[in-house]
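Keep in mind it's a predicted model, so treat the numbers as computed, not measured.
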Amino acid sequence: MATGSSRWSTRSSRSPRAKAIRPDARQERRASAAGRQSDETGMAHLTHLQRLEAESIHILRETVAETERPVMLYSIGKDSAVMLHLARKAFHPGPLPFPLLHVDTTWKFRDMYALRDKVGAEDGTELLVYRNPEAEAKGINPFDHGPLHTDMWKTEGLKQALDKYKFDAAFGGARRDEEKSRAKERIFSFRSASHRWDPKQQRPELWSLYNVRRSNGETMRVFPLSNWTELDIWQYIMSEGIEIVPLYTAAKRPTVERDGLILMVDDDRFKLADGEQVVERSVRFRTLGCYPLSGAVESEADTIEKVVQEMLLTATSERQGRIIDRDAGAGSMEKKKQEGYF
C-alpha cells in the first residue's frame, strides 16, 4: 500500500512546469494528425487528370535527376503534344533540360511537319531531326518496301540517333492501353547496349518506386504516359488547350479505301492501284504516322469537344488503323520492340 500511495502522491505533486508540458505535447500531436489529414484530403480532392499529371511530372523529373543525357522523342502526335506540355510544366520557368528528337521517315503528313517546325522554333526548345542515311540513299518507301520501311527508317534510324548523340534515356509517349506488347512495358524500360528489349528482364515497379541504375552500355526508354488512356489524353488536351495536328479533327479530305482502311492522299507520291479512285470523305485520324500507313475513320467530330464525346462511345483501339502493327504477322509489334523499335 505504501508503494501505491507513493506512486499516486508522485503524480499529484508534479511541478506546474511539468503539467504545462503535457498539453503542449497533445497539441503538437493533434496538429500533426490534422496536417496528415489535410494532406490526405488534398490528395483526395485531386481529379483523375490531376493525379495522372502529377505522376507524369514526377517521372519526368526523376529521369532528369538520375540520367546524364536524356532526350524526348517527338513524333508530333497527340501523345507527344501532351508529353511536351507536361515537360514544360515540370521544368517551368526554365527551358526544357533536354532536346526533342524527331526520327523522320520523310513520309509524315504535311500538317505534321508544319507543327513540328513551329514547335522547334519556340523559345527554350531544341529540336533534332534525324534521318537514316542508308534508307534515304536507297529510297526506302512504304509502297515498295513493306515492313522494311519501318525497320530502316524508324527502328534503325532511332538506334543510330541514340548512338550518335549518346543519349542514355529517351522519353516516349506510348501508353499501355494502346496495344498488347506495350501493356508489358514498365515505365522505366531498360534496353541492352544494342538497344534490344527483353520483357523478361525488366524491373518491378511496386508502389511507384523506380530503380533507374544502369549497367555499362544500357539505356532506358521512359514512358510518362503509361497509365493514361486515349480518353484521358483527349480530355487533358481539351482542358489544357494543347495545340495538336488538325488531322485529329474531322474535315473533308481526299481518300482511297484499301485493304479495309481509309487512307488519305496527302501528296503526289501516293501510288494509286488499278481501279482506285480518290473520294472526298469527312474523316479524322485517331493515330498518326507515315501517311500511307495511317488509316482514318469517318467522322463528323470537327472540334475537340466532339472528339471527346465520340471517344466516350467508341469500343475499338486507336491502333487498328496502323498498318505497321501487323505488317509482319500477329507478333509484329512485339518483334519490332525487341529489335529496338520504340
Heavy atoms of F190 and E218 approach each other most closely as CD2-OE1, 4.0 Å
May I ask you to list the residues sharing a hydrophobic cluster with I262, side-chain cutoff 4.5 Å, ordered by chain and number? V283
Centroid-centroid under 6.0 Å between Y130 and Y165 rings: no
Which pair of non-hydrogen atoms, one from Y236 and one from H85, has the smallest distance, and what is that distance? OH-CD2, 3.5 Å
Is a side-chain N or O of E240 found less than 3.5 angstrom from the main chain of I237, in a donor-acceptor match? no
Any salt bridge between R176 and E185, counting N to O under 4.0 Å? no
Should the pair R284-E300 be classified as a salt bridge under the 4.0 Å nitrogen-to-oxygen rule? no
Under the 3.5 angstrom rule, does the side chain of S192 hit a backbone N or O of S194 as a donor-acceptor pair? yes
Can you tell whether the side chains of D266 and R110 come within less than 4.0 Å, N to carboxylate O? yes
Can a salt bridge be assigned to the pair R213 and E66 using a cut-off of 4.0 Å between side-chain N and carboxylate O? no
Is the closest side-chain heavy-atom distance between N132 and Q160 below 4.5 Å? yes
Which heavy-atom pair separates P99 from P70 by the least distance, and what is that distance? CD-O, 3.6 Å
Using 4.0 Å as the upper bound for N to carboxylate O, is an ion pair formed by E68 and K166? no
Does the gap between the ring centers of F109 and F285 come in under 6.0 Å? yes
Going by an N to O cut-off under 4.0 Å, is there a salt bridge joining E122 and R88? yes
State, yes or no, whether a side-chain contact exists between L128 and L100 at a heavy-atom distance under 4.5 Å. no
Give me the ring orientation class for F171 and F98: parallel if the planes are under 30° apart, tilted from 30 to 60°, perpendicular past 60°. tilted
Residue list, side-chain hydrogen bond (donor to acceptor under 3.5 Å, both in side chains) with T63, at least two apart or on another chain: none
How are the rings of W234 and Y248 set to each other: parallel, tilted or perpendicular (split at 30° and 60°)? perpendicular
Is the terminal nitrogen or CZ of R269 (NZ for Lys, CZ for Arg) located under 6.0 angstrom from the six-membered ring centre of W107 and within 45° of that ring's axis? yes
